[in-house]
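Beneath this line is the structure, given in structure tokens, with notes to follow.
Naming: A, B, ... by sequence-line order, numbering from 1 per chain. Because only heavy atoms are used, hydrogens play no part in the values below, and waters and symmetry mates are left out as well, while side chains stay in.
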Number of protein chains: 2
Amino acid sequence: MGTSRTGAAGAATRIDVSRTGRPAPAPRMGRKASLSVLPTLPIDQILVGDCIASLEKLPPESVDVVFADPPYNLQLEQALTRPDQSRVDAVDDDWDKFASFSEYDAFTRAWLAGVRRVMKKNATIWVIGSYHNIFRVGTALQDLDFWLLNDIVWRKANPMPNFKGRRFTNAHETMIWASKSAEAKSYTFHYDALKAGNEDVQMRSDWFIPLCTGEERLKDARGRKVHPTQKPEALLARVLLSSSNPGDVVLDPFFGTGTTGAVAKKLGRHFIGLERDPVYAQAARARIDAVEPLSDVAFAAPPEKRAEARVPFLALIEGGYVKAGEILVDERRRYRATVRADGTLALGAIVGSIHKIGALVQGLPACNGWTFWNVERNGALVSIDAFRAKIRAELAA
Amino acid sequence: MGTSRTGAAGAATRIDVSRTGRPAPAPRMGRKASLSVLPTLPIDQILVGDCIASLEKLPPESVDVVFADPPYNLQLEQALTRPDQSRVDAVDDDWDKFASFSEYDAFTRAWLAGVRRVMKKNATIWVIGSYHNIFRVGTALQDLDFWLLNDIVWRKANPMPNFKGRRFTNAHETMIWASKSAEAKSYTFHYDALKAGNEDVQMRSDWFIPLCTGEERLKDARGRKVHPTQKPEALLARVLLSSSNPGDVVLDPFFGTGTTGAVAKKLGRHFIGLERDPVYAQAARARIDAVEPLSDVAFAAPPEKRAEARVPFLALIEGGYVKAGEILVDERRRYRATVRADGTLALGAIVGSIHKIGALVQGLPACNGWTFWNVERNGALVSIDAFRAKIRAELAA
DNA sequence: ACGCGCTCTGAATCCTGGT
DNA sequence: CACCAGGATTCAGAGCGCG
């Protein structure tokens with residue numbers, strides 16, 4: 001809440017972003033009007049102002065889907081540097097700062113309650129977060145009588161690594177998909193369309209999608225990213241295609257630079273965006289104005305790109321193809337190494353990957369461990385690469 | 001509680017599961033003894049009884065890792081305990097009344113507080129759950145001052161499809177990995193070994209592991225599965241290999257059919273299992289007794305770079321690898337500095353460590369001098385890190 | 001045109017032991 | 001406890017300049 005605001009508390013500026021590109025109307029509401037409900041639903045507009053105050057101006061039971069990307073409450077304390085000593089551009093914006101978990105909880109419950117009021121009976125809500133905040137969001141959703149339908153894992157194709165090697169690479173974020181109540185059974189879910197777009201198997205709860213980078217990422221005149229946490233359009237596209245219909249109204253209470261609006265327009269949905277920061281709101285307006293809606297036939301989701309999966313040697317142990325403690329040998333049985341339970345090889349006291357140990361025994365700078373090492377099966381040698389092929393076949397199935 | 005119990009409330013039956021397979025000792029503790037702490041840590045044993053009562057009998061700060069697979073289906077709340085430790089009666093018609101989120105929260109906080117007390121300062125805890133309960137678990141962990149390190153997604157290779165087609169296929173479960181407090185920085189994490197077993201790239205937060213099926217799945221005499229949610233050993237293996245050392249004590253407060261114990265024994269770790277249901281406990285004991293530990297080399301603690309002996313640069317001069325007065329250069333020969341007899345470098349009038357001078361010439365805040373500096377040998381550059389490796393090898397011999 | 005190598009960057013709760 | 005200093009630590013992808 002640290003960013004500058006244009007109006008008095010509770011006031012909101014409407015920014016019209018209709019496709020005609022006509023200028024936005026002047027702010028219509030003063031202090032008094034701020035307490036009342038807007039005469040019409042502000043379709044395809046961005047309301048600039050505090051999201052909880054703006055929510056109060058929307059009529060009850062008026063939106064079909066909600067997508068919310070609230071602050072994560074990252075709690076970063078010190079600067080982080082990469083191994084080359086360059087600094088990581090951290091999310092240190094004031095809007096992500098909360099004094100305590102209880103303050104974050106109060107904030108979360110306030111906006112969720114406001115959102116729930118404006119959801120139609122069969123509307124659903126999506127909230128995205130990381131381990132810093134998503135557990136508190138999920139608890140709040142349950143406590144407010146939302147009904148959880150799925151938690152969806154966005155697996156990032158290209159996450160930032162863990163530079164200090166002290167944790168697992170934080171390679172995903174979590175979205176919670178919930179209906180307004182347990183009784184709402186007629187929510188929108190395009191099961192068949194998703195299945196057809198997913199090689200005729202059911203869409204799973206884990207989605208593999210790249211980060212928002214390159215041309216899609218909004219930059220300012222100096223080439224800096226406009227928003228620190230812009231989400232990829234592919235993510236929003238799958239959300240809206242699965243849980244909304246053309247013509248539906250999608251509400252995003254943390255609009256930012258308007259990914260939800262851009263994708264909604266592209267897919268023939270309407271949006272309502274709430275955003276506190278006028279800089280973000282202006283960037284969103286310009287972005288959405290430039291969007292051309294797709295023709296109906298093009299509404300299908302982009303197929304997930306399927307690169308040949310990288311199979312870790314550990315997967316051969318976990319899959320039972322190779323046993324920890326077994327001996328690997330090269331084709332001529334000149335070299336041998338012991339398989340460890342963690343998927344490494346042991347050569348005396350030296351431990352390393354199948355590639356590193358393969359290189360070491362041969363005195364070479366590098367080695368493809370997959371084609372170098374074999375196991376004994378019924379008196380014959382079997383390449384570990386054959387097992388990798390089997391696992392890849394399973395993955396593809 | 002839905003299942004029968006062998007002792008009085010608060011009492012526990014120890015089941016010894018040592019490899020010799022000798023029969024379990026008779027219950028040792030009556031009502032009085034149940035309030036005191038066990039004289040010795042019940043290593044490699046299963047304590048049959050309420051987990052919160054059993055936790056109170058363990059000494060503080062005594063276990064290295066915790067793996068917990070708590071009940072998450074709210075219909076299992078018949079096993080819940082109220083905040084005052086009294087048991088919720090399992091009257092069929094009434095249990096719905098207790099199946100509230102606040103009951104579940106009280107239960108969760110009670111066992112988490114009990115577990116936290118027995119964790120060593122640098123111990124970590126893993127808790128697995130689904131979207132039904134994991135958000136409440138995560139919130140409770142944060143509120144109890146645990147420090148979240150990662151949330152790990154277990155992506156199931158072969159999940160049960162969503163039969164009605166009203167949701168996404170629920171194809172994953174979530175594990176939270178947390179340290180006892182934000183201040184505990186020296187928790188066990190085998191970064192290097194995980195990376196080496198994963199094609200020499202960091203292990204990510206999303207793990208792809210098959211469900212527990214086939215021979216691994218425990219069946220009773222009539223061929224029915226003994227436990228409804230038996231976890232795959234591969235999952236526990238990755239948990240224990242990443243966050244524990246051989247000889248460590250692993251506590252599992254919801255032991256079930258003992259996957260944690262079986263994997264711990266296989267990997268040379270000790271376990272303590274708490275289980276309310278004697279049928280599960282007996283099945284676990286038989287299962288663990290049949291486990292043969294892997295050979296040492298398969299699970300011995302992997303060597304870690306951070307733990308290697310420190311070698312002062314002066315030792316390279318004293319060992320004759322580098323001569324005082326020689327010139328050090330970086331790989332691209334952009335920078336140079338002179339070796340001084342005391343093991344420092346000279347850059348004009350400036351004198352400092354190999355690290356400090358390396359940082360200085362590059363204008364960076366820090367630098368690893370070992371990997372930055374090189375000497376000329378026969379026209380080629382040789383990293384001073386190679387000499388350090390030789391000295392380390394001499395030290396080890 | 002194409003490939004190669006260098007640089008930059010992304011919601012990050014990111015070191016450790018000795019004095 | 002603070003402070004200091006040794007020295008350990010990154011993956012995928014985009015953009016750009018050069019040959």
Side-chain angles (χ1 to χ4, degrees), chain A residues 69-93 95-98 101 128-134 154 156-174 210-217 219 223-225 227-232 254 256 307 310, chain B residues 122 142 146-151 177-179 181-183 185-187 189 191-192 195 198-205 304-313 332 343 352-356 358-359 364-373 384-385 388:
Chain A
D69 183 10
Y72 287 7
N73 189 21
L74 282 189
Q75 309 163 71
L76 305 177
E77 303 211 330
Q78 54 208 356
L80 179 65
T81 54
R82 297 186 175 83
D84 65 3
Q85 305 303 322
S86 65
R87 265 186 78 147
V88 173
D89 185 13
V91 177
D92 53 2
D93 306 67
W95 50 253
D96 197 44
K97 298 227 189 328
F98 294 86
F101 283 129
I128 186 167
S130 66
Y131 67 87
H132 310 84
N133 72 319
I134 199 66
W154 167 28
K156 300 180 183 181
N158 45 352
M160 192 187 298
N162 184 288
F163 295 115
K164 305 294 186 190
R166 294 297 294 146
R167 304 181 179 197
F168 297 94
T169 308
N170 190 8
H172 74 277
E173 294 187 22
T174 301
L211 294 177
C212 176
T213 59
E215 290 208 357
E216 189 185 320
R217 188 94 197 200
K219 304 274 170 57
R224 297 170 310 182
K225 59 190 176 193
H227 194 282
T229 71
Q230 186 181 337
K231 295 295 179 286
F254 305 97
R310 189 199 300 248
Chain B
N122 282 303
Q142 290 179 316
F146 287 92
W147 189 244
L148 305 195
L149 298 169
N150 278 114
D151 58 333
W177 182 43
S179 61
S181 75
E183 292 69 41
K185 302 281 193 191
S186 301
Y187 53 86
F189 180 56
Y191 174 80
D192 294 314
K195 184 174 168 177
N198 190 46
E199 294 287 278
D200 289 320
V201 294
Q202 295 185 342
M203 185 70 80
R204 295 170 44 119
S205 56
E304 289 180 12
K305 264 193 136 179
R306 282 188 168 87
E308 287 190 276
R310 296 214 163 185
V311 176
F313 181 64
R332 297 197 206 165
S353 70
I354 53 173
H355 314 295
K356 283 278 155 47
L364 292 174
C367 166
N368 182 343
W370 290 110
T371 52
F372 180 73
W373 294 112
I384 61 171
D385 208 23
R388 182 172 64 160

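- Remark: B:R204 pairs with B:D206 by the salt bridge (Lys or Arg N to Asp or Glu O under 4.0 Å) rule, at least two apart or across chains.
- A:P232 comes within 4.0 angstrom of no nucleic acid atom, judged by non-hydrogen atoms across all strands.
- OP1 or OP2 of D:dG7 lies within a sub-4.0 Å distance of a side-chain N or O belonging to B:H355.
- For the pair B:D385 (side chain) and B:W370 (backbone), a donor-acceptor distance under 3.5 Å is absent.
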Which dot-bracket string describes DNA chain D (Watson-Crick N1-N3 plus N6-O4 or O6-N4, or G-U N1-O2 and O6-N3, all under 3.5 Å; [ ] crossing; | other strand)?
.|||||....|||||||||

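- Taking 3.5 Å as the limit, the base of C:dA11 and the side chain of A:K231 contain a donor-acceptor pair of atoms between them.
- Using a 4.0 Å heavy-atom distance criterion, B:I354 is classed as making no nucleic acid contact.
- For C:dG10, the OP1/OP2 oxygens have a side-chain nitrogen or oxygen of A:K225 closer than 4.0 Å.
- Spacing between atom CD of A:Q85 and atom P of D:dG7 amounts to 15 Å, rounded to whole angstrom units.
- Atom CG of B:D200 is separated from atom C1' of D:dT10 by 13 Å (rounded to the nearest Å).
- Here the side chain of A:L211 is nearest to one of C:dA12, C:dA11, D:dG7, namely C:dA11.
- Contacts of B:C367 with the nucleic acid, taken as non-hydrogen atoms under 4.0 Å apart, include base atoms.
- When the side-chain nitrogen and oxygen atoms of B:K195 are compared with OP1 and OP2 of D:dT9, none of them lie within a distance under 4.0 Å.
- Contact between the side-chain N/O atoms of B:S353 and the OP1/OP2 oxygens of D:dG6 is found at a separation under 4.0 Å.
- In this structure, A:D84 contributes its side chain and A:S86 its backbone to a donor-acceptor pair below 3.5 Å.
- Within 4.0 Å of A:S130, counting heavy atoms only, lies no atom of the nucleic acid at all.
- Residue contacts shown for B:V201 are limited to sugar-phosphate atoms, with no base heavy atom under 4.0 Å away.
- Note on ring orientation: taking the six-membered ring where Trp is involved, the planes of B:W177 and B:F189 are tilted (angle from 30° to 60°).
- Side-chain atoms of B:R388 and base atoms of D:dG7 include no donor and acceptor less than 3.5 Å apart.
- Residue B:N368 has a polar side-chain atom (N or O) positioned under 4.0 Å from OP1 or OP2 of D:dA8.
- Using a 4.0 Å cut-off, no side-chain N or O of A:R224 falls inside it from OP1 or OP2 of C:dG10.
- You'll find the side chain of A:N170 stays beyond 4.5 Å of the side chain of A:N162, heavy atoms only.
- Between A:W95 and A:P71, the closest side-chain pair of non-hydrogen atoms falls below 4.5 Å.
- Atom pair A:R82:CZ and C:dT7:P shows a separation of 14 Å (rounding to whole Å applied).
- In terms of phosphate contacts, A:K156 brings no side-chain nitrogen or oxygen within less than 4.0 Å of OP1 or OP2 of C:dG10.
- Checked for salt-bridge contact, B:D192 and B:K195 miss the test: no charged N lies under 4.0 Å from a carboxylate O.
- Ranked by how close their nearest DNA chain C nucleotide is to the 5' end, B:R332 and A:L76 are led by B:R332.
- By the salt bridge (Lys or Arg N to Asp or Glu O under 4.0 Å) test, A:D92 is found to be paired with no residue, residues two or more places apart in sequence or in another chain being considered.
- Of the C1' atoms belonging to C:dT16 and D:dC1, the separation is 16 Å, rounded to the nearest Å.
- Under the rule for a salt bridge (Lys or Arg N to Asp or Glu O under 4.0 Å), B:R332 has no partner lying at least two apart in sequence or in another chain.
- Using modelled atom types, no side-chain atom of A:R310 and backbone atom of B:N198 make a donor-acceptor pair closer than 3.5 Å.
- In this structure, A:P210 and A:W154 approach most closely via the heavy-atom pair O-CZ2, 3.8 Å.
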At under 4.0 Å between heavy atoms, which parts of nucleotides 14-19 of chain C does protein reach? Answer with one letter per nucleotide, 5' to 3': B base, S sugar-phosphate only, - none.
BSS---

All N/O pairs under 3.5 Å across the protein-nucleotides 16-19 of chain D interface:
none

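- A:N73 has its side chain out of reach of A:H132: every pair of non-hydrogen atoms, C-beta onward, lies at least 4.5 Å apart.
- Residue-to-nucleotide contacts include no donor-acceptor pair under 3.5 Å from the side chain of B:Q202 to the base of D:dT9.
- Note that A:R166 lies in the cation-pi zone of B:Y187, set by a 6.0 Å cut-off to the ring centre and a 45° limit from the axis.
- Rounded to an integer number of Å, the gap from NE2 of A:H172 to C1' of C:dA12 is 14 Å.
- Nearest-nucleotide assignment on DNA chain C puts the 5′-proximal partner with A:P159, out of A:P159 and A:H132.
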